[in-house]
Amino acid sequence: MNINRYLLDFDLSHIEKEYHDAIIIGSGIAGVYTALQASPDVEIAILTKESIDISSSVLAQGGIAVSLDKEDSPSLHFKDTIYAGAGLCDEKSVWALVNEAQENIEQLCYYGVNFDRKSNKELSLTREGAHSKNRIIHTKDSTGKEVCDTLIRQVRTRTNVKIKERTFVIDLLTDSTKCFGVLAVSEDSGIIKAYIAKSIVCATGGYGQLYSNTTNPVVTTGDGLAVAYRAGAELTDMEFVQFHPTVLYHPENKNFLISEAVRGEGALLVNEEGKRFMPEYHELAELAPRDIVSRAIFEEMQKTDSKHVYLDITHRSKEYLENRFPNIYSTCLRYGIDISKDRIPVAPAEHYCMGGIKTDDLGRTNIKGLFACGEAACNGIHGANRLASNSLLEGLVFGERIAKQISKECNIKESEHLQSLKNYENNEQFVIKSPSNKAKQTEGDKEGGIIINKEKANTLRATLQRLMTSKVGIVRTKKRLLDAQDKIKEIYREVIKQGNDAQEVMELINMLQLARLVVESALERTESRGAHYRSDYPKTDDIMWKKNILKVLK
Ligand code: SIN
């Protein structure tokens, strides 16, 4: 695949510029919390490609893991995280996660997040898969929305934070030593600007949209990972894609999550023939790690030649379910399913990407000035399979750690910073013209129809999603992965040859570049581990493969 360093041609000296101390790309929990935790002296711009309230974090239902019970401890939370991660977690990062969980939850409560509480006012704790204790705090079944709404309310009051909605980041700006800004286009004005800053934080979420059925919103096209990759950042663990076991399977909706907390409150999984099957697969039955439950469901679906299994919570009363899971209750009812009486048809769907921009335990990437946080990052806390409800927590703990760094960077003497910025301007290096970048659309091109348009991009995007779902899903083989690799290259050639600077096309290019890395890594890993299952290599091979696969643009 021929990958250009920049998607578009540009001349930095002719582009309008905006100067900030820090740029945060993305407005999920990781991005907004980082902005809030930074010192008020740091001038920040949050760039987000939709409105600020569109993110995967907002859709998170279950909750946030934190060891608060007197029977629980950070060490037990550590042990469960490491077990679920199937040998690939970074212990230093996991210790940071579990030890700093409580102080960050206190901070959320201080900001006004309304978690569910018991009658004695203590936070109420539930259980999710592979947790040995009840440690999930929640706001009914809309925890992500409550947290994000609160953080967004708070950030709107900060005078040091500018929010730029409908602003799509095309590429990161780097010189030979560091990242010094981003090139972004405003959907409203169509103007391309360079946002220059001392620190850039990538908090753009994952690449769930590579798949047809995903619990992620349509914005999760992996842009942050793709721009970082083109800039020379290391990506890692791209083959580990988590499929949530229980996503509604209805002709009109195959993307709505049925939270693991429903199983935490006693729901059972039964197959098409009405038989409970999970105890045959794992001693924790319905509450086994996610990868195990998803594969078990996949196997049962194949055995019974069905497209789904059922989740049964009918032993709970309507009053209880309406109160504990109001969002799930009302959404299912809209599709004619009364969960207090009917079993819920469910099937696994893409939910979370363990792979991301490689960072250390302070959120730093291999490029000076560039940080990554949340699902866009891979700091090693999830290993090969993320433990439930560790993702919002990751956004908090590592957002806070990054906020400290960028606050320090902000103290670089202004004169030093401005001097180095001057060096970027009028520098030939930033007149980017790559022969195969066809950024400009001429009238002739339009008439001749040789330029790929938005509709064509959307059709190719759906083709890619179907390809990834059928060939690079829960169960993989060398043959299917090779088929996917060929087809991805074919689509990429078509898109690159024709080019266009429409956002849909740039997103598609990002998706294709990442899809290639997922497939390449999945081919390389000739074993099964965590969320990566190869039926031609069904065993875990610790001797060869207890290691991460790293991808960097050569
Ligand atoms: C869920 O509610 O099942 C999702 C929780 C998570 O992905 O951590």
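Remember, it's 1-based here, ligands and their atoms both numbered in the order they're listed.
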Any idea which atoms of ligand 1 are less than 4.0 Å away from a heavy-atom of Arg386? 6 (C), 7 (O), 8 (O)

Under 6.0 Å between ring centres, would you say that holds for His244 and Tyr352? no

Going by distance only, is there an N or O of Gly62 that falls short of 3.5 Å from an N or O of ligand 1? yes

Among Leu125, Ile137, Thr139, side chain to side chain contact (heavy atoms under 4.5 Å, CB included) partner for Asp116: Thr139

Which ligand 1 atoms are under 4.0 Å away from a heavy-atom of Ala388? 8 (O)

So, for Ala35 and Ile46, which heavy atoms are closest and what is the spacing to 0.1 Å? CB-CD1, 3.9 Å

Could you give the side-chain donor-acceptor pairs of residues 74-81 under 3.5 Å, partners two or more places apart or in another chain?
{"residue": "His77", "atom": "NE2", "partner": "Asn390", "partner atom": "OD1", "Å": "2.9"}
{"residue": "Asp80", "atom": "OD1", "partner": "Ser132", "partner atom": "OG", "Å": "3.3"}
{"residue": "Asp80", "atom": "OD2", "partner": "Ser132", "partner atom": "N", "Å": "2.8"}
{"residue": "Asp80", "atom": "OD2", "partner": "Ser132", "partner atom": "OG", "Å": "2.8"}
{"residue": "Asp80", "atom": "OD2", "partner": "Arg135", "partner atom": "NH1", "Å": "2.8"}
{"residue": "Asp80", "atom": "OD2", "partner": "Arg135", "partner atom": "NH2", "Å": "3.3"}
{"residue": "Thr81", "atom": "OG1", "partner": "His77", "partner atom": "O", "Å": "2.8"}
{"residue": "Thr81", "atom": "OG1", "partner": "Asn390", "partner atom": "ND2", "Å": "3.2"}

His532 and Phe240 aromatic ring geometry - parallel, tilted or perpendicular at 30°/60° bounds: perpendicular

So which heavy atom in the protein is nearest atom 6 (C) of ligand 1, and how far is it from that ligand atom? Arg290 NH2, 3.0 Å

Mind checking salt bridge (charged side-chain N to carboxylate O under 4.0 Å, His left out) for Asp237 and listing every partner two or more places apart, or none if nothing turns up? none

Nitrogen or oxygen atoms of Gln61 and ligand 1 under 3.5 Å apart: no

Does Gln242 come within less than 4.0 angstrom of ligand 1, counting non-hydrogen atoms of the residue? no

Going through the checks in order, is the salt bridge (charged side-chain N to carboxylate O under 4.0 Å, His left out) test met by Arg295 and Glu299? CA-CA 6 Å; Arg295 271 197 303 281; Glu299 212 175 305; over 6 Å; no

Among all protein heavy atoms, pick the one closest to atom 2 (O) of ligand 1 and tell me residue, atom and distance. Ser259 OG, 2.7 Å

What atoms of ligand 1 come closer than 4.0 angstrom to any heavy atom of Glu260? 1 (C), 2 (O), 3 (O)

closest protein heavy atom to atom 8 (O) of ligand 1 is Ser389 N, 2.6 Å

Atoms of ligand 1 under 4.0 Å from any heavy atom of His351, numbered from 1 in the order shown, are 4 (C), 6 (C), 7 (O)

